[in-house]
Student: 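Take a look at the following structure, please.
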2 protein chains.
Amino acid sequence: MAQIQRNQPLYEQLMWRIKAQVASGVLIIGEKLPSVREMALIEGLNPNTVAKAYRALENQNVIETVTGKGTFIRANDEFTADEQLIAILQEQLGEVVIEAKRASISVQELHQWLDSCYSGKPHSPRRMHGISH
Amino acid sequence: MAQIQRNQPLYEQLMWRIKAQVASGVLIIGEKLPSVREMALIEGLNPNTVAKAYRALENQNVIETVTGKGTFIRANDEFTADEQLIAILQEQLGEVVIEAKRASISVQELHQWLDSCYSGKPHSPRRMHGISH
DNA sequence: CTAAGTGTACCGCGTAACATAGTACACGTG
DNA sequence: CACGTGTACTATGTTACGCGGTACACTTAG
């Protein structure tokens with residue numbers, strides 16, 4: 001095992017970290033990412049794990065890799081929404097909603113979460129229904 | 001392997017199928033689920049796999065199991081939203097949103113998806129934004 | 001050209017999760 | 001009692017994950 005018990009593979013966690021930075025504007029188009037070995041030192045991972053994340057990100061057209069130079073953030077021009085991707089996203093959203101309903105989370109609050117995720121990063125503080133201890 | 005290549009474990013798929021039926025009202029509180037061995041025949045799974053799903057669902061207070069009688073849908077009274085669960089849901093929602101943004105899906109459409117998931121089941125047909133090449 | 005840095009491709013190893021098969025036990029109902 | 005119920009356990013095989021190590025092709029800087 002790597003560090004702690006996670007339910008998500010390490011290379012996927014790294015992928016989401018990079019994706020989030022791209023979406024939030026921390027990483028700009030054309031910017032160079034740390035090399036595989038460098039990122040491995042930064043994140044405390046094995047270079048192979050980082051390489052696996054980079055390879056997967058390139059398959060999703062998030063980054064572009066030039067064999068001797070490095071990996072760079074890629075512009076997502078002409079990214080047509082695949083029908084299969086739509087279905088997956090709707091299913092994943094459905095799972096979140098089912099859990100949220102069980103947790104007695106209102107639709108309004110979910111809409112606020114959605115806007116928070118879509119616009120910037122931070123989530124608005126959770127509004128408890130009349131609790132204050 | 002069981003049937004086809006899935007990225008989600010079989011027992012989790014069964015869990016979500018049951019959860020969705022509970023959320024949509026197909027399964028009512030107190031209703032009896034098929035027995036472990038019966039469900040195994042229906043779904044084409046191993047009884048152990050079904051038992052694993054049932055055990056996990058009981059840990060989440062979705063169903064109630066009486067040792068000699070069977071398993072029944074449970075009312076989720078007094079289900080307080082755990083802070084950790086909130087964080088997980090927000091993170092999962094964030095992942096969906098990041099992917100949706102990359103796929104050029106508008107916020108409005110995501111809100112429609114959310115409402116569809118929350119109220120009933122079927123998704124409204126996907127509205128293309130004026131593209132016809 | 002040489003050297004360093006880059007991504008990539010392997011192979012092996014160990015751990016864990018997943019799914020199956022089979023058996024057995026404790027419980028409730030008829 | 002016999003039957004169906006959930007549960008527990010052992011065992012086997014497969015797969016994914018992560019690490020370690022090595023090697024190769026490529027680009028850039030010296």
Side-chain angles (χ1 to χ4, degrees), chain A residues 1-19 21-22 27 29-74 88 92 95, chain B residues 1-19 22 27 29-74 88 95:
Chain A
M1 64 219 76
Q3 348 203 43
I4 328 179
Q5 177 62 17
R6 296 257 189 274
N7 37 7
Q8 205 176 22
L10 297 177
Y11 76 95
E12 279 193 29
Q13 296 179 36
L14 178 59
M15 285 175 65
W16 282 115
R17 237 168 297 163
I18 296 175
K19 277 188 176 183
Q21 289 181 348
V22 173
L27 293 176
I29 298 176
E31 194 166 343
K32 183 178 182 300
L33 286 175
S35 73
V36 170
R37 298 165 179 83
E38 195 175 356
M39 179 69 89
L41 290 178
I42 296 175
E43 299 285 343
L45 300 174
N46 189 283
N48 281 330
T49 305
V50 179
K52 188 172 185 179
Y54 280 13
R55 204 179 318 132
L57 284 174
E58 192 183 24
N59 288 337
Q60 298 181 1
N61 289 323
V62 178
I63 62 179
E64 190 176 11
T65 164
V66 189
T67 325
K69 300 181 63 178
T71 63
F72 308 88
I73 304 296
R74 182 186 190 136
I88 292 177
Q92 288 182 337
E95 294 184 358
Chain B
M1 62 220 73
Q3 351 202 42
I4 328 178
Q5 178 62 17
R6 297 256 187 277
N7 35 8
Q8 205 177 22
L10 297 178
Y11 78 96
E12 279 192 29
Q13 297 179 35
L14 179 58
M15 287 174 64
W16 282 115
R17 238 169 295 162
I18 296 175
K19 277 188 177 183
V22 173
L27 293 176
I29 298 176
E31 195 167 343
K32 183 178 182 302
L33 286 174
S35 74
V36 170
R37 298 165 178 84
E38 196 174 358
M39 180 69 90
L41 290 178
I42 297 175
E43 298 285 344
L45 300 175
N46 189 282
N48 283 328
T49 306
V50 179
K52 188 172 185 178
Y54 280 14
R55 204 180 318 132
L57 284 174
E58 193 183 23
N59 288 336
Q60 298 181 0
N61 290 323
V62 179
I63 63 179
E64 188 176 11
T65 163
V66 190
T67 326
K69 297 181 64 176
T71 63
F72 308 88
I73 304 296
R74 182 184 191 136
I88 293 176
E95 294 183 359

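Numbers restart at 1 for each chain; the letters A, B, ... are given by sequence-line order, proteins then strands.
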Student: Using a 4.5 Å cut-off on heavy atoms from C-beta on, say whether the side chain of A:Lys19 contacts that of A:Leu57.
Tutor: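 Yes. Closest side-chain heavy atoms under 4.5 Å.
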Student: In whole Å, I'd like the distance from the CZ atom of A:Phe72 to the C1' atom of D:dT28.
Tutor: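 Result: 11 Å.
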Student: In whole angstrom, what separates B:Gln13's CD from C:dA17's P?
Tutor: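 The answer, rounded to whole Å, is 19 Å.
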Student: Output the rounded distance in Å from CG (A:Asn46) to P (D:dG18).
Tutor: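 One finds 10 Å between P of D:dG18 and CG of A:Asn46, rounded.
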Student: What is the separation between atom CG on B:Leu41 and atom C1' on C:dT20, rounded to the nearest whole Å?
Tutor: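 Checked: the CG to C1' distance equals 15 Å.
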Student: Which heavy atom of B:Ala53 sits nearest a heavy atom of B:Tyr11, and at what distance?
Tutor: CB-O, 3.6 Å
Student: Expressed in angstrom and rounded to an integer, what is the separation of A:Tyr11 atom OH from D:dA16 atom C1'?
Tutor: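 Going from A:Tyr11 (OH) to D:dA16 (C1'), I get 8 Å.
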Student: Using nucleotides 2-8 of chain C, report all nitrogen or oxygen pairs with the protein that are shorter than 3.5 Å.
Tutor:
{"from": "C:dG5", "atom 1": "N2", "to": "A:Gly68", "atom 2": "O", "distance (Å)": "3.3"}
{"from": "C:dT6", "atom 1": "OP2", "to": "A:Ser35", "atom 2": "OG", "distance (Å)": "3.3"}
{"from": "C:dT6", "atom 1": "O2", "to": "A:Thr67", "atom 2": "O", "distance (Å)": "3.0"}
{"from": "C:dG7", "atom 1": "OP2", "to": "A:Val36", "atom 2": "N", "distance (Å)": "2.7"}
{"from": "C:dG7", "atom 1": "O4'", "to": "A:Thr67", "atom 2": "O", "distance (Å)": "3.1"}
{"from": "C:dG7", "atom 1": "O3'", "to": "A:Thr65", "atom 2": "OG1", "distance (Å)": "2.8"}
{"from": "C:dG7", "atom 1": "N7", "to": "A:Arg37", "atom 2": "NH1", "distance (Å)": "3.3"}
{"from": "C:dG7", "atom 1": "O6", "to": "A:Arg37", "atom 2": "NH2", "distance (Å)": "3.2"}

Student: Is any side-chain heavy atom of A:Leu27 closer than 4.5 Å to a side-chain heavy atom of A:Leu33?
Tutor: yes
Student: Which whole-number value in Å describes the distance from A:Met15 CE to D:dC17 C1'?
Tutor: 15 Å
Student: CD of A:Glu43 versus P of D:dC19: gap in Å, rounded?
Tutor: 12 Å
Student: Does any N or O in the side chain of B:Gln13 come within less than 3.5 Å of the main-chain N or O of B:Gln8, such that one atom is a donor and the other an acceptor?
Tutor: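 Present.
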Student: Once you round it to whole Å, what is the distance between P of D:dA16 and CG of B:Leu10?
Tutor: 13 Å
Student: Which heavy atom of B:Ile18 sits nearest a heavy atom of B:Met39, and at what distance?
Tutor: CD1-CE, 4.5 Å
Student: Scan A:Leu41, A:Ile42, A:Thr71 and name whichever one has a side-chain contact (heavy atoms from CB on, under 4.5 Å) with A:Pro34.
Tutor: A:Ile42
Student: Looking at C:dT20, I'd like to know if its phosphate oxygens (OP1 or OP2) sit under 4.0 Å from a side-chain N or O belonging to B:Thr49.
Tutor: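 B:Thr49 to C:dT20 OP1/OP2: side-chain N or O found under 4.0 Å.
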